[in-house]
Amino acid sequence: MSDARSQILDRIRTATGGAAAPPESRREYRHHDERSHAERVELFCERVGDYQAEVKRVHRDQLRAAIRNALKRHQAKRVAIPASFPQAWLSPSVEFIHDQGLTARELDGFDAVVTGCSVAIAETGTIVTTGGQYEGRRLLSLVPDLHICIVSESQIVGLVPEALAQVQLLVSRQRRPLTFISGPSATSDIELERVEGVHGPRKLVVLVVGEENP
Amino acid sequence: MKGPTESFPVAANRELGNAQLRSNLGNATSTIRAKRARVVEELPDWEALRDAGSAIKADVLANLDTYLLQFEQALTAAGATVHWARDGAEACAVVAEVARAHGADEVVKVKSLTTDEIELNATLAAQGIHALETDFAELILQLDGDWSSHILVPAIHRNRTEIRDLFQRTIAPDITSDEPGVLAEAARVYLRERFLNAKVGVSGANFGVAETGTLCVVESEGNGRMCTTLPPVLVSIIGIEKLVPSFADLEVFLQLLPRSSTGERMNPYTSLWTGVTEGDGPQELHVVLLDNGRTRVLEDEVGRQALHCIRCSACLNVCPVYSRTGGHAYGSVYPGPIGAILTPQLIGIENAPSLPFASSLCGACYEVCPVKIDIPRVLLHLREKSVDAVGGRTERAAMSGVGWVFGRAWRLRLAQRIGRVLQRPFVRDGVIRRLPPPLSAWTDSRDLRPIAPAHPSDENSGNDDE
Ligand code: SF4
């Protein structure tokens, strides 16, 4: 009696044995974005906006105020942040709590979370988090109802292949978990009418940080 | 996997009588079709992506044994436990065993056609374990004891008032409004508690990366993220054909899938995880590699391309037969054109002999398929097999069924279409160079002009509808 593993492998070999090798996979799609930096940033902001997320461009020096204002606008009082989030971005007037192993249930009592990201994709308006020090654990940007994400202009690439190339080593060497976020959570299950926010954050605010005044 | 309990024509005739279903489906399929067309148009390299997607999948199938072993090794090194399941029963047994080991009488589950295929929920229920569906639409169906009619929007046949009434009876007695936002909020509140308490999560996977052992779930609502990160234990069931060789291959499919599926540039959430990450997400991961008929499909050189499918549902939305009959008529978890070629191959043609006839061969499905599955060609191939297996009576019965869907004028075009599909592999530069014998006797001496391509929208114009 053979076990499932060897039986499945045997069946595969019998089925595919002797078959002609398939043609080399061709990869003639775009791998490099030809837009200028300014166009790319512009496109990213526009595409994130298409998902009904709030997008704001801010100068680096105004980031702290921008975070505070966004939280205020949404009346968020208790705010979670990753364990090693930069102190310089934190306003003293807000109750920021570092994630030192918060449970999901504890996080459920928070109004908002502020995180960074690893790379962002202009063409699709996507933010990619990889569990880095400004991004934190996966549940952090999932459980609270408002996610404020900080994207540096220099993190924005044009195309999906460019983004994957950047995070590839984090996966293959460090086995870091990735989350691609494109707008707030949504469903179109009721008569195809889009509703923002089911289980993930219902509101997504993206702060795009640059060196120039917007 | 359960096959249809009645033939396609019989089921289709019944479903056609459901006016609500017909109008919802008509709206839904045309809305998604238009959205898809818009975002596909946007990409200058769409055809190159399709070519790459198709070639990658062909490579995976040709070397499936190697990739599976690589995948297993990478997963094991990343702290996961790998299980191999010949059929649905073996896969379900793994989930039940894990749930029992952790004393869980409920598991939270993200929508997965693979788990529907193996009837996981019913099997677990028989052992006293409740599999809680967490997709909005799946929750509706589960609360109502109904089943999915569309891969992507399974509750497409339900309207908002029906959903409100259902919620009143079940999870939210006080709800009065039928606003979609309010209904979604009710589901959020109900499920949030269950997510927070869950001990075991169950998921499928859209892709598995052989090189790294990475699993990928593509979704919209965030319940996928909940199920794959909150419970301390996760079981992911993946069909053996869902592998891609390398991490970089995802760059192709993460472009093809969302645009083909929901017509978005990117779906709201895509989760990728590689084994167990210390301090983040489940600390125990089980991965079940499921055969359940897939190796049988692999044996058929023409039919095996059905295993390229990434379940985007684009072929459903363009299918003139599907948009009239809906998913229930196909009698299996895989409806529409892909169901018509996949189901009979998974369970054996003799168990679903009429499904390959559930098509008008208009070719629209092939045009939109992001991985270029030549569905019409596989349909014709399976028709032959069906006739061989159960005899000509099936064909007659099936034809009268599809004929009923379209009316009389439609049948006149059929012969022409069959010709068009069969000639496809032989057309070069718009001219048929050589047909296989016995037709080759004719083409050997002359170039033959191929039959002109049909316009898929012919089917939807409604001229011959009545
Ligand atoms: S057959 Fe092609 S179009 Fe249809 S669901 Fe599968 S991948 Fe999508």
Side-chain angles (χ1 to χ4, degrees), chain A residues 3-5 7-9 11-16 19 21-30 47 51 101 104-105 108 121 123-126 131 137-139 142 160-161 164-165 168 171-172 175-193 195 197-200, chain B residues 28 31 45 48-49 51-52 55-56 58-59 62 64-65 78 84-86 90 136-137 153 155 159-160 163 180-181 183-184 187-188 191 196 212 214 220-223 225-226 229-230 247-248 250-251 254-255 265-275 277 279-281 291 295 298-299 301:
Chain A
D3 61 322
R5 181 175 183 272
Q7 207 178 346
I8 292 172
L9 288 169
R11 282 187 199 157
I12 292 170
R13 286 171 188 144
T14 315
T16 56
E24 263 298 283
S25 28
R26 284 172 296 157
R27 292 172 191 263
E28 283 155 12
Y29 51 86
R30 291 167 303 151
R47 299 266 152 111
Y51 295 125
R105 189 169 289 283
D108 196 34
I121 309 168
E123 204 166 73
T124 59
T126 301
R137 301 182 298 151
R138 281 174 285 174
L139 81 177
L142 174 64
V160 173
L164 285 184
Q168 170 148 24
V171 173
S172 60
R175 301 193 183 117
R176 295 253 285 263
L178 311 183
T179 308
F180 288 56
I181 299 172
S182 307
S185 87
T187 182
S188 301
D189 280 339
I190 308 156
E191 299 175 15
L192 286 189
E193 192 171 304
V195 179
V198 194
H199 302 297
Chain B
T31 307
D45 51 353
L49 287 166
D51 283 336
I56 292 167
D59 171 38
L64 192 54
D65 52 339
W84 299 68
R86 277 168 288 211
E90 288 185 347
F136 188 78
V153 270
N159 66 31
R160 63 178 74 187
I163 299 170
L183 297 173
R188 178 184 172 98
L191 286 176
L196 293 174
T212 57
T214 305
S220 296
E221 297 176 9
N223 60 317
R225 291 178 70 191
M226 291 278 177
T229 50
L230 294 196
F247 183 78
L250 291 172
E251 70 193 20
L254 292 184
Q255 295 191 75
R265 296 185 181 110
M266 195 65 99
N267 49 289
Y269 299 132
T270 297
S271 300
L272 294 142
W273 69 100
T274 305
T277 311
D280 184 351
D291 179 346
T295 49
L298 201 58
E299 281 166 20
E301 278 184 44

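Since we're looking at a predicted model, the values are computed, not measured. In the text below, chain A, chain B and the rest are named by the order of the sequence lines, each starting its count at 1.
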Report task. Show your working on side chain to side chain contact (heavy atoms under 4.5 Å, CB included) between L298(B) and I12(A) and close with a plain yes or no. Result -> CA-CA 7 Å; L298(B) 201 58; I12(A) 292 170; 4.0 Å; yes
Query - Test log, rule side chain to side chain contact (heavy atoms under 4.5 Å, CB included), inputs R27(A) and I56(B) - result: CA-CA 10 Å; R27(A) 292 172 191 263; I56(B) 292 167; 3.7 Å; yes
What distance separates [X] [atom1] from [Y] [atom2], expressed to the nearest 0.5 Å?
{"X": "T270(B)", "Y": "I181(A)", "atom1": "OG1", "atom2": "CD1", "answer": "10.0 Å"}
{"X": "L191(B)", "Y": "H199(A)", "atom1": "CG", "atom2": "NE2", "answer": "4.5 Å"}
{"X": "L9(A)", "Y": "W84(B)", "atom1": "CG", "atom2": "CH2", "answer": "4.0 Å"}
{"X": "L254(B)", "Y": "T126(A)", "atom1": "CG", "atom2": "OG1", "answer": "9.5 Å"}
{"X": "L64(B)", "Y": "T16(A)", "atom1": "CG", "atom2": "OG1", "answer": "7.5 Å"}
{"X": "T295(B)", "Y": "Q7(A)", "atom1": "OG1", "atom2": "CD", "answer": "8.5 Å"}

Requested in this report: Under 4.5 Å heavy-atom distance to chain A, tell me which part of E221(B) shows up: side chain, backbone, both or neither.
Outcome: both
Query raised in the report: Is it the side chain or the backbone of T214(B) that comes within 4.5 Å of chain A heavy atoms, both, or neither?
Result: side chain
If every non-hydrogen atom of [X] is compared with every non-hydrogen atom of [Y], which pair is closest and at what distance?
{"X": "G222(B)", "Y": "S185(A)", "answer": "N-CB, 4.4 Å"}
{"X": "L178(A)", "Y": "F247(B)", "answer": "CD1-CZ, 3.8 Å"}
{"X": "M266(B)", "Y": "Y51(A)", "answer": "N-OH, 3.2 Å"}

Shorter than 4.5 Å, heavy atoms on both sides: which option in [options] has the most such pairs with chain A?
{"options": "T31(B), D291(B), L183(B), L250(B)", "value": "D291(B)"}
{"options": "M226(B), Q255(B), R160(B)", "value": "R160(B)"}
{"options": "T229(B), L49(B), D65(B), T212(B)", "value": "D65(B)"}
{"options": "A248(B), A78(B), A85(B)", "value": "A78(B)"}

Does the [X] side chain pair with the main chain of [Y], one donor and one acceptor, at a distance under 3.5 Å?
{"X": "R138(A)", "Y": "D280(B)", "answer": "yes"}
{"X": "R188(B)", "Y": "G200(A)", "answer": "yes"}
{"X": "D45(B)", "Y": "R30(A)", "answer": "yes"}

Report task. Taking ring-ring contact (aromatic ring centres under 6.0 Å, His included) as the test, write out the residues that go with Y29(A), two or more places apart. Result -> H31(A)
Requested in this report: Between chain B and each of L139(A), V160(A), L142(A), I121(A), count heavy-atom pairs under 4.5 Å; write down the option with the most.
Outcome: L142(A)
Report summary line: Under 4.5 Å to a heavy atom of chain B? For T179(A) that would be both
Query - Criterion side chain to side chain contact (heavy atoms under 4.5 Å, CB included) on R176(A) and T277(B), from CA distance to verdict - result: CA-CA 7 Å; R176(A) 295 253 285 263; T277(B) 311; over 6 Å; no
